[in-house]
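Predicted model only: the values in this text are computed from it and were never measured. When a ligand or atom number is given, it counts from 1 through the structure's own listing order. The analysis underlying the following values was restricted to heavy atoms, covering all of them including side chains, and did not include hydrogens, waters or symmetry mates. Numbers here simply count residues along the sequence, with the first being 1.
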Amino acid sequence: MLETEKDVVVSESEAAALFLMERTVEYAYSAALRAVALFRVADHLVDGPKSVAELAEATKSDELRLYRILRLLASRGVFRENESGQYELTAAAEFLRTDVPLSLRAGVLMLTDETFWRPSGEIDWGVRGTPPFKRIYGMPFFDYWAQKGASADDFHVGMASMSEIENEFLARSYDFPEGATVIDVAGGFGRLLLRILQRNPTLHGILFDRPHVLPRNQLGELGDDKHWELVSGDFFESVPRGDVYVLKYILHDWPDEQATRILRSCREAMAPGGRVLVMDPVIPSGNTPHTGKYLDLLCMAIYEGGRERREEEFRRLLAGADLRLNRVIDTGCYISIVEAVAN
Ligand code: SAH
């Protein structure tokens with residue numbers, strides 16, 4: 001028997017039932033995060049705490065309803081209600097601001113967008129083997145976004161936002177060889193490559209992605225155009241020649257067969273002594289909690305066979321492309337670096 005503060009007796013089995021209910025309604029929390037991100041609530045708290053009435057006026061929303069959103073979020077670390085009933089930013093809420101370098105606002109909006117949310121709601125189809133995204137939208141995920149055209153709140157903007165904090169962990173966790181050519185394979189807007197080049201001034205960088213993505217690159221921020229170039233193409237066909245191939249959030253988009261083809265493209269183009277750095281969550285064995293286990297189910301919802309993998313699955317995948325898993329580097333974030341070299 002467990003005793004609560006008020007001496008109410010709850011049996012272990014009842015506590016387990018309540019635990020299950022709490023887990024089940026947890027998606028309301030993600031919904032609340034979407035609302036505050038859309039309404040830019042965090043931006044309105046930069047100068048200090050505000051009452052819900054003030055926030056409702058500033059965001060043109062309904063006061064009571066906004067309060068209900070905020071009190072849920074504040075019960076778990078995003079925003080805080082102070083003694084006077086005003087709301088203020090917490091360390092986590094700071095990342096919902098739009099004007100901070102590591103803003104996650106667009107990332108939160110991407111992960112709670114209908115293109116993630118609706119397929120997740122039909123995860124049972126995924127489990128049966130019918131990819132939910134394709135069932136709903138009639139085409140693969142990346143085709144959908146290519147066809148939609150660029151916009152300020154599209155997938156690529158959200159991806160770049162979500163990646164920004166991850167890139168910090170990744171760029172500082174690897175010693176790149178002096179003077180090497182680093183290819184960010186399907187690097188999106190190039191923010192990871194930017195971080196790597198900022199930290200390692202002797203490197204030459206190549207940002208590789210689809211032709212409609214590259215014009216939106218942000219490598220100009222390096223302030224030195226001699227150290228990077230853009231190459232567009234299809235990684236199932238070929239990738240540019242170089243020494244270090246960075247594949248962040250790429251293999252998890254694809255089933256083994258296509259993932260192997262991407263790795264083979266890298267292996268074929270790789271200069272002698274080259275290496276491949278796979279940057280994906282590496283799922284631990286057993287019951288260990290891991291953010292990658294959540295991302296894995298989002299992969300099930302939106303991709304056709306994409307998934308997060310365990311270390312031995314990476315080893316096998318790499319072997320199929322004539323590559324050998326050399327080591328797995330823990331970065332302090334839920335994404336690890338799987339380093340592979342030629343066999
Ligand atoms: N590495 C980036 C982007 C990951 S999203 C990051 O971590 O933020 C996956 C990327 O794969 C997208 O930028 C998409 O445009 C690119 N992509 C999808 N299919 C591709 C293909 N066939 N060839 C090259 N790039 C592709």
Margin query: Just to check, does Glu166 reach to within less than 4.0 Å of ligand 1 when the distance is taken from its heavy atoms?
Written below: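 Per 4.0 Å heavy-atom rule, Glu166 does not contact ligand 1.
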Check: Any heavy atom of Gly233 sitting closer than 4.0 Å to ligand 1?
Finding: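 Checking ligand 1 against Gly233, which is what was asked, there is a heavy-atom contact under 4.0 Å.
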Check: With the threshold set at 4.0 Å, does a side-chain nitrogen-carboxylate oxygen contact exist between Glu311 and Arg315?
Finding: yes
Checklist line | Distance-only side-chain donor-acceptor flag, Thr260 / Glu257, under 3.5 Å | finding: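 Note: Thr260 and Glu257 side chains miss the donor-acceptor criterion.
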Can you list the atoms of ligand 1 that are under 4.0 Å from a heavy atom of [X]?
| X | value |
| --- | --- |
| Asp253 | 9 (C) |
| Ser163 | 6 (C), 7 (O), 8 (O) |
| Val213 | 15 (O) |
| Gly188 | 13 (O) |

Can you find an N or O of [X] that's nearer than 3.5 Å to an N or O of ligand 1?
| X | result |
| --- | --- |
| Asp234 | yes |
| Phe235 | yes |
| Val185 | no |
| Tyr249 | no |
| Asp209 | yes |
| Lys248 | yes |

Check: With sequence neighbours left out, which residue pairs that include part of residues 65-74 fulfil the salt bridge (Lys or Arg N to Asp or Glu O under 4.0 Å) condition?
Finding: Asp62-Arg65
Note to self: Nearest 0.5 angstrom please: Phe142 CZ to His212 NE2, how far?
What the structure shows: 9.0 Å
Check: Can the positive tip of Arg76 be found less than 6.0 Å from the middle of the six-membered ring of Tyr29, inside 45° of the ring normal?
Finding: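 Arg76 over Tyr29 ring: yes.
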Next item on the list: Spell out, yes or no, whether Leu109 and Phe141 are grouped together once hydrophobic residues are joined by side-chain heavy atoms under 4.5 Å, including indirect joins.
Entry: no
Checklist line | Among Phe141, Phe208, Phe142, closest by any non-hydrogen atom to atom 18 (C) of ligand 1 | finding: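 It is Phe142 that holds the nearest heavy atom.
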Margin query: Main chain of Leu214, side chain of Asn217: is a donor-acceptor contact present, judged purely on distance under 3.5 Å?
Written below: yes
Next item on the list: Ignoring hydrogens and angles, tell me if any N or O in the side chain of Ser30 forms a donor-acceptor pair with the backbone of Thr112 under 3.5 Å.
Entry: no
Note to self: I'd like to know whether Glu229 forms a side-chain hydrogen bond (donor to acceptor under 3.5 Å, both in side chains) with His204, so could you lay out the CA-CA distance, the side-chain angles of the two residues, the decisive distance to 0.1 Å, and finally the verdict.
What the structure shows: CA-CA 8 Å; Glu229 61 189 292; His204 182 73; 2.8 Å; yes
Next item on the list: Could you check atom 11 (O) of ligand 1 against the protein and tell me its nearest heavy-atom contact, residue, atom and distance included?
Entry: Ala186 CB, 3.3 Å
